[in-house]
Amino acid sequence: MNNPNLSVMIGDVKLNNPVITASGTFGFGREYGQYIDLNQLGGIAVKGLTLLPRDGNKAPRIAETPSGILNSVGLENPGVEAFIKNEIPFLTQYDSKIIANIAGSTVDDYLKMVEILNNTEVDLFEINLSCPNVREGCLAFGSSKDGVYKVTKAIKKIAKKPIIIKLTPNVNDITTIALGAQEGGADAISLINTITGMKIDTKTKRPILHNNTGGLSGPCIRPIAIRMVHQVYQSVDIPIIGMGGITNLEDALEFFIAGASAIMIGTYHFMDPYVCEKVIIDLEQYLVDNNISDIKQLTGSIILHE
Amino acid sequence: MNNPNLSVMIGDVKLNNPVITASGTFGFGREYGQYIDLNQLGGIAVKGLTLLPRDGNKAPRIAETPSGILNSVGLENPGVEAFIKNEIPFLTQYDSKIIANIAGSTVDDYLKMVEILNNTEVDLFEINLSCPNVREGCLAFGSSKDGVYKVTKAIKKIAKKPIIIKLTPNVNDITTIALGAQEGGADAISLINTITGMKIDTKTKRPILHNNTGGLSGPCIRPIAIRMVHQVYQSVDIPIIGMGGITNLEDALEFFIAGASAIMIGTYHFMDPYVCEKVIIDLEQYLVDNNISDIKQLTGSIILHE
Amino acid sequence: MRHELSTIVNIIKINDFNVRLVLQNSDIASKATPGQFVNVRCCDSNELILRRPISILKTHGEFYDIIYKIVGEGTKRLSKFSIGEKLDVMGPLGKGFTKESTDKKIAFIGGGIGLFPLVNAVLEFKNCESDFFVGFKSKKEMMLIDEIKKTGANVYISTDDGSVDYHGFVTDLFIKNIKNYDKVYICGPLLMEQSCVDILRKYNINGQVSLEQRMGCGIGACLVCACETVHGIKHVCKDGPVFNIKDVFLKEQLDE
Amino acid sequence: MRHELSTIVNIIKINDFNVRLVLQNSDIASKATPGQFVNVRCCDSNELILRRPISILKTHGEFYDIIYKIVGEGTKRLSKFSIGEKLDVMGPLGKGFTKESTDKKIAFIGGGIGLFPLVNAVLEFKNCESDFFVGFKSKKEMMLIDEIKKTGANVYISTDDGSVDYHGFVTDLFIKNIKNYDKVYICGPLLMEQSCVDILRKYNINGQVSLEQRMGCGIGACLVCACETVHGIKHVCKDGPVFNIKDVFLKEQLDE
Ligand SMILES: Cc1cc2nc3c(=O)[nH]c(=O)nc-3n(C[C@H](O)[C@H](O)[C@H](O)COP(=O)(O)OP(=O)(O)OC[C@H]3O[C@@H](n4cnc5c(N)ncnc54)[C@H](O)[C@@H]3O)c2cc1C
Ligand SMILES: Cc1cc2nc3c(=O)[nH]c(=O)nc-3n(C[C@H](O)[C@H](O)[C@H](O)COP(=O)(O)OP(=O)(O)OC[C@H]3O[C@@H](n4cnc5c(N)ncnc54)[C@H](O)[C@@H]3O)c2cc1C
Ligand SMILES: Cc1cc2nc3c(=O)[nH]c(=O)nc-3n(C[C@H](O)[C@H](O)[C@H](O)COP(=O)(O)O)c2cc1C
Ligand SMILES: Cc1cc2nc3c(=O)[nH]c(=O)nc-3n(C[C@H](O)[C@H](O)[C@H](O)COP(=O)(O)O)c2cc1C
Ligand code: FES
Ligand code: FES
């Protein structure tokens, strides 16, 4: 068999393969670039950006939980201008697509950032409507169909790159929210962001996180993420980028079968800096071994029980 | 120091200690009764009952996930009449309180069951508004404040035992739902029930569970449960029974500190049949070691960061 | 009653995938009947929160043997234990194979690892004329034959690839040699069990079949291991794993 | 660049809680500078999804040593490894202690396990007059003293219970013996570090302090290990763990 086709399209942007680093876990690529060749990645979703620089929350910002972590970084980032100046030149050296993850407190914030980033070498926008660690905006938009629809529509009108809407799992019904994104004109949906959680140090009686609560990620949330990807796949037509606890090929396959066109890997980088590289290699081998000529054939290939 | 007081009140019912077996994981007590002395337990929440016997879903009904499981039993149970005839006489032999967990498809179902059980030796009702594994009713009521309020109020009007409303975590905002229960007259709230999830066998491309989706429980959900108990504690005045992934004293303490007056232990029984016994012994020792005269002093003793 | 840990007194690698453990625990060893199983904690970590059900292969004095096939994460971790270490094993569990004193001519049909629960039966069911039919994928995966032969049973072997004796399915081998058995004991993959049950029904022979189902508690408390029977929903861990072939609907369990 | 595993060549139980590992990995051993740390995978299971940061105690040839205190689940699991096994260790990480050639009179102040990162510094910072102040809870927890004395440093010991030498805080012991140091290196509990920094500021002495913070990636990618400095938010894993005492606000990190 010829080499299988691993490439996927998000809007009119072609990713060489469907494996993307999840926003907030991979910085701007520099650090993990010492461990893996960034050219191999399908895309790099950079740390969530805001219009102005943000300090984020006070530390501790991480707690370990069974098969997962809580984080409460709170969108520490240098701001969109510093990103353009200091990070884009570095990232454009590599083949992998640059995905600017952006978060705002108001619709206007989002629009300003998109305008600023429109004329840069950023390839895709990932609109973060789901950050649980900042008090204002963001998550509020992501909690209702209407909110998602409005932000999406406003951004789509001006965006010169395809837009991915990143959804929060902290909702009653993820499918209606996803429909809001589709109806607003999203080119793709990414999910899931973290689930709000808390861990308490029983000795001090204080939450481990200085922010008290944080976002749960890692393998523990995978069954929830798989369920949501599957549900959303059944209700929208645009591509889904699935994530939540991926550690290896097997986990990645679960997401593709459930309905993902591409995947993101976050937390597991902390344990295994090579996880993306491994998954890409193993995925290609899997397609060869199973005579699958195109990764697209896997997407949504789930066979439900009656 | 004298023996610390471990007893807790739910409505006008006094539990000898705050450790209760979670519904659906402990049958009607007989099986684990071979391993532990049922007299030691604060209470036994029996398998969820329905008006008529139910076969439940097709097997497989369980899948293992990172630090947790998915189940899709679907309320298999002998019906409330058979429960009265075959199980209550067994359970009344023991000191621990009998908690009838009941689930209905309509408000009428709940009322009928409560009426039937009113004149039995059942001590408490746990109203399951949160079972994710049956198609009708139940979870639907639990997903809105209004639904919870209505069912609670109707039941409270006729119930001759205190009622505990069991909430689902699959919601936007657990606090408003909890308020619905309180306003409806609930004597206590129990949470969390399982979170909807899915696991796919990548070889067959089929979900492991025959029901396709199931409810996630075990340590993986603990950070979510702790967060919800804490949130609900901040917004209601009635006692909270906390659960989700408790495996030992440390985990139990986290729930008390977050705001629970009592706890339930479910999934971990499958690994450790003695888990309740151990937690009760360790809890008493902890109170002694820390000079705490009453378990109530722990409830909600969390110290938040500013 | 608190269960005691089982001490690993020997570990025998049968082949790349199958490992035999000799375990010491007088309680389990003295109580176990053929076809029962144990529920094994495979590692310290709560990442795997479920025990794994494994059949009791045989008992001897205060010892009992199990063979596990390494198929997934749990059995992989089980393979990390060393001789002298203790395993947290609950058992014996479930209802096993039974034999009435009038059962004189009996047969066993085992497919692959389905062979394991049958071994204790052929060892314990004395004073019978026993035929033991067993199917393997190939010679490489053959095991336990000498142990079975020692009981005096007539052993019939089939292999999928013909590398040993009969080339084909164990069910076909069984049909070729079928007698008027008083009882037949079956364990193997669901499809094989289904064919065997069909054959026995056709020939009107009594039989018992051991089922597999994913389990939670292993003792009848969580109700996850349901199986449909003529007497309503039963639970493999408590009412089984062995059922009378008259009672079960195997077809319903095959994936649609 | 793919990091190589580190082989455990020796395990030395210092006392009930502290274990010293001698590890073989020429890359880490050759690159490590004083005050840097490694990030250790403590078990195979993904139940614990984070590595644990541990200071590099010293290096020798292709070997490096670490001492870890068993405090929680991760270090407990680390204690299950045996000699000959391989550990997945990333490192050396972070920015360590630095010394200018003009720094001649130097002091070290270590509290408890905060002692560990200072050891590599006192070993490496040659041609100085070094005072080494170290505080322990009690005699039972005393360690590494001979190793430090061998460098020629003057060692001052305090114990909380007075079981060895000075009875009281190591900070008080330091004040009693303070000289006009060119530089002072500090590592210990936050409160102790805070007092030391206050003293140094008062006496206008330069210093560096090693901070602890909960970590995710350990390399600067996840931004969880934030700490406030006069130059804005910095990250302990990448910009630290060692910071100039002029730059950090320790008070802000103490729990309100
Ligand atoms: C009554 C009974 C007796 C058994 N006797 C034996 C025996 O003697 N030797 C032997 O090698 N195997 C036996 N099995 C099968 C054995 O339980 C599974 O191979 C084992 O659970 C796989 O665990 P794993 O973690 O390696 O696989 P994984 O696939 O990683 O396990 C994931 C989950 O699925 C469950 N699971 C996977 N396969 C099975 C299965 N076939 N049956 C039930 N649950 C499963 C596991 O218990 C676990 O909960 C028996 C099963 C049952 C029900
Ligand atoms: C730069 C640096 C160097 C260190 N050097 C050493 C050393 O040489 N020897 C030594 O014994 N310890 C050292 N520590 C502390 C060590 O990292 C913790 O004791 C260890 O992580 C505890 O892990 P655990 O699983 O046993 O504890 P748990 O409390 O179960 O750990 C839970 C989580 O909290 C984190 N955590 C707990 N305590 C600390 C802590 N004090 N600092 C950072 N994270 C923590 C763990 O890494 C883990 O993610 C160092 C810490 C840092 C930041
Ligand atoms: C430390 C950390 C920081 C994160 N920061 C962001 C962020 O800035 N923007 C965002 O959209 N998601 C952020 N996330 C969420 C991840 O991108 C991802 O959605 C989530 O972690 C689930 O994937 P995982 O289980 O593979 O980590 C962050 C996650 C972690 C762990
Ligand atoms: C197999 C199984 C069956 C359950 N059945 C019920 C039930 O009938 N009624 C109910 O209210 N909750 C049921 N639950 C939910 C538990 O009572 C509990 O809310 C949940 O499992 C979280 O606690 P845990 O993590 O300790 O298991 C069931 C859980 C499991 C695992
Ligand atoms: S496994 Fe729990 S009832 Fe069978
Ligand atoms: S631990 Fe990730 S930036 Fe420091």
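Letters go in sequence order (proteins before strands), and every chain restarts at 1.
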Nearest heavy-atom pair of R222(B) and P66(A): which atoms, and what distance?
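Nearest heavy atoms, R222(B) then P66(A): NH2-CG, 3.4 Å.
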Which heavy atom in N172(A) sits nearest to a heavy atom in S143(B), and how many Å separate them?
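Where N172(A) meets S143(B) most closely, the heavy atoms are ND2-O, 3.5 Å.
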Mind ranking [options] by heavy-atom pairs under 4.5 Å with chain B and telling me who comes out on top?
{"options": "A225(A), P219(A), P207(A)", "value": "P207(A)"}
{"options": "P169(A), S67(A), A63(A)", "value": "S67(A)"}
{"options": "S301(A), P223(A), G218(A)", "value": "P223(A)"}

Would you give the length of the straight line joining atom [atom1] of [X] to atom [atom2] of [Y], rounded to the nearest 0.5 angstrom?
{"X": "D201(A)", "Y": "I302(B)", "atom1": "CG", "atom2": "CD1", "result": "11.0 Å"}
{"X": "T202(A)", "Y": "N290(B)", "atom1": "OG1", "atom2": "CG", "result": "9.5 Å"}
{"X": "I224(A)", "Y": "M198(B)", "atom1": "CD1", "atom2": "CE", "result": "13.5 Å"}
{"X": "R206(B)", "Y": "I257(A)", "atom1": "CZ", "atom2": "CD1", "result": "12.5 Å"}
{"X": "E306(A)", "Y": "N212(B)", "atom1": "CD", "atom2": "CG", "result": "9.0 Å"}
{"X": "R227(B)", "Y": "T213(A)", "atom1": "CZ", "atom2": "OG1", "result": "8.0 Å"}

Under 4.5 Å from any heavy atom of chain B, what part of [X] do you find: side chain, backbone, both or neither?
{"X": "T204(A)", "value": "backbone"}
{"X": "L298(A)", "value": "side chain"}
{"X": "Y286(A)", "value": "side chain"}

Ignoring hydrogens and angles, tell me if any N or O in the side chain of H210(B) forms a donor-acceptor pair with the backbone of H305(A) under 3.5 Å.
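No; zero donor-acceptor contacts below 3.5 Å.
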At a heavy-atom separation under 4.5 Å, does L70(B) approach chain A through its side chain, its backbone, both, or neither?
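Side chain only.
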